[in-house]
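Reviewing the structure listed below.
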Amino acid sequence: MKLKRVIFGKVSIKWAMLLWIICFGSGFVLVALFTNQVHQAWFRYDYWQSMARFGESLRVANTRYVDANISSFENLTNHAIDGMVNSLDRHSAYYSYEEYKSFLEDTHRRYVGIGVMIRKIETGIVVTGVFPKSPAEKVGIQLGDFVLEVNGNTVEQMSLETVSSRIRGPKNTTVQLKIQKGSGLKFKHTITRQKIEISSISEFSLDDDGIGYIHLRQFTERTAKEFRSTIEYFLSEDVQGMILDLRDNGGGLLSAAVEVARIFLNKDQVIVSIRGRSNLVEQIFQSEEIGLASDMPMVILVNASSASASEIVAGALMTTDRAKVIGERSFGKGSVQTIFPLSGETGLRLTTSMYFLPNGSTIHEKGIEPDYPIICNDANKTRLRIQGYGKSDFNKTKMISLFGFEPVEDTQLIKAHEVLQEIIREQ
């Protein structure tokens with residue numbers, strides 16, 4: 001009898017421990033559910049009402065729509081999510097598998113290909129950029145070359161996007177291009193695709209007057225490192241001042257914008273603040289130490305296509321009297337989007353908060369008004385994009401033969417030089 005009580009006691013302790021673990025685990029899960037706003041929907045009646053109506057609509061459309069090829073559950077779900085998110089605002093979006101993959105590549109500024117930039121003009125597909133040490137450069141492809149064929153197929157009737165997608169492909173596979181040189185000679189190249197790292201800085205230079213120039217095309221994961229490295233080079237060459245060109249920079253990562261702004265600010269200066277749906281300040285980003293180029297004279301160029309992260313940098317440096325802004329009123333995107341990965345390697349881009357400049361103002365739907373407004377007409381703006389901001393890689397004869405116009409005078413950049421020289425003289 002005593003032995004039975006001992007055995008029963010041991011069993012009771014084991015069961016008690018198991019029960020305690022289950023209760024603790026269940027409590028932990030419930031706390032996690034109730035503190036996660038997304039998961040809280042599972043306990044709401046209106047959520048299940050909506051899901052039931054959506055499920056019913058999905059089943060009816062799938063089985064009764066006239067064309068079964070386009071009414072698959074996958075296709076209907078993609079369209080439903082896309083319509084739901086797009087109706088919220090113009091900056092929220094649903095990414096399908098291919099779109100999400102492309103977004104990630106764009107954020108990392110890398111892709112698998114041969115390392116060329118191409119543009120479609122009246123006379124064909126022309127190479128407007130060749131990345132250093134790329135597979136294209138190694139086989140001798142140059143600026144101004146024309147792409148005639150991709151894998152034996154003429155590109156004459158293809159869109160630019162189609163040509164680009166056919167040049168890209170899996171790593172270590174090959175693509176055959178037929179190229180025509182400016183001399184008229186034609187060559188066929190079999191090129192092995194490799195992972196291409198694209199710099200977020202499209203161009204930088206330092207002229208004889210000690211004026212540094214950086215054209216930043218996008219804010220990515222690599223921007224802060226690349227930008228800091230360029231500034232260090234400028235400083236090592238005794239730079240007198242710099243022009244930061246943010247024209248046609250549609251934005252990118254908030255973190256990258258903050259890191260770029262920090263380079264030019266003194267310690268503890270506010271760069272941007274973020275407010276979510278509660279309209280309370282959720283986060284304030286500021287400089288953490290004296291910036292690498294905190295006393296470097298500088299001006300910033302913007303245009304109507306400068307948006308989001310570009311406006312954060314320009315706005316922060318403008319409102320703290322750190323830089324003068326030149327050009328056109330910027331786009332006016334003062335909202336912050338968060339990317340939420342979904343199943344099936346898809347994703348949601350949702351507007352989750354708004355950002356505010358150091359003086360408390362917002363540029364949302366307003367944009368940044370430059371200190372020196374310089375308007376560039378649409379024709380010249382297009383030509384500047386073709387020839388490249390800063391300095392053109394094509395001379396006058398080449399520009400006329402390829403694009404049908406002479407190199408365009410960049411009046412905004414000229415004004416930036418004038419203003420910067422004046423700032424330098426006053427110091």
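Here the structure is a predicted model, which is why all the values come from computation and not from measurement. FYI, the numbering just counts along the sequence from 1.
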Are side-chain N/O atoms of [X] and [Y] paired as donor and acceptor at under 3.5 Å?
| X | Y | result |
| --- | --- | --- |
| D207 | Y213 | no |
| D89 | S92 | yes |
| Q240 | D209 | no |
| E226 | T223 | no |

What heavy-atom pair brings [X] and [Y] nearest, and what distance separates the two atoms?
| X | Y | value |
| --- | --- | --- |
| A257 | V313 | O-CG2, 3.5 Å |
| G250 | S308 | O-CB, 3.9 Å |
| T319 | P358 | OG1-CD, 3.4 Å |
| R193 | I114 | CG-CG2, 4.4 Å |
| T362 | H364 | OG1-N, 3.1 Å |
| I191 | P135 | CG2-CB, 3.5 Å |

Measure the spacing between [atom1] of [X] and [atom2] of [Y] and express it to the nearest 0.5 Å.
| X | Y | atom1 | atom2 | answer |
| --- | --- | --- | --- | --- |
| Q218 | L246 | CD | CG | 12.5 Å |
| H91 | T352 | NE2 | OG1 | 12.5 Å |
| M354 | I363 | CE | CD1 | 8.0 Å |
| K186 | K178 | NZ | NZ | 5.0 Å |
| E203 | I214 | CD | CD1 | 11.0 Å |
| L342 | F340 | CG | CZ | 9.5 Å |

Neighbour count >12 (heavy atoms, 6.0 Å) for atom [atom1], [X]:
| X | atom1 | answer |
| --- | --- | --- |
| E232 | CD | yes |
| K267 | NZ | no |
| Q427 | CD | yes |
| L160 | CG | yes |
| Y65 | OH | no |
| E74 | CD | no |
| D208 | CG | no |

Hey, are [X] and [Y] close enough for a salt bridge, meaning a charged N less than 4.0 Å from a carboxylate O?
| X | Y | result |
| --- | --- | --- |
| E422 | K324 | no |
| R425 | E418 | no |
| E369 | R329 | yes |
| E288 | R262 | yes |
| R247 | D410 | yes |

Has [X] got a side-chain atom pairing as donor or acceptor with [Y]'s backbone, closer than 3.5 angstrom?
| X | Y | result |
| --- | --- | --- |
| E237 | Y233 | no |
| N303 | E328 | no |
| T162 | M158 | no |
| D145 | Q142 | yes |
| N62 | S71 | yes |
| S330 | G367 | no |
| E426 | I423 | no |
| Q269 | N266 | yes |
| K333 | S335 | yes |
| T190 | Q176 | no |

Taking the side chain as every heavy atom from C-beta outward, state whether [X] and [Y] have any atom pair closer than 4.5 Å.
| X | Y | answer |
| --- | --- | --- |
| K120 | V163 | no |
| Y95 | L348 | no |
| M84 | Y94 | no |

Checklist entry - Regarding R322 and the six-membered ring of F264, is the cationic atom NZ or CZ under 6.0 Å from the ring centre and inside 45° of its axis? => result no
Checklist entry - Do R275's NZ or CZ and the ring of F356 fall within the cation-pi criteria of under 6.0 Å and 45°? => result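 So R275 does make the cation-pi contact.
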Item to check | side chain to side chain contact (heavy atoms under 4.5 Å, CB included) evaluation trace for I374 with L301 | outcome: CA-CA 10 Å; I374 305 291; L301 283 166; over 6 Å; no
Checklist entry - So Y45 and Q49, side chain to side chain contact (heavy atoms under 4.5 Å, CB included) or not? Walk me through it. => result CA-CA 6 Å; Y45 177 68; Q49 270 189 320; 3.3 Å; yes
Checklist entry - Passes side chain to side chain contact (heavy atoms under 4.5 Å, CB included), K101 versus E345? Steps please. => result CA-CA 8 Å; K101 181 181 177 182; E345 297 184 72; over 6 Å; no
Item to check | Residues R228, I263; criterion side chain to side chain contact (heavy atoms under 4.5 Å, CB included); working and verdict | outcome: CA-CA 8 Å; R228 177 172 287 272; I263 291 174; 3.9 Å; yes
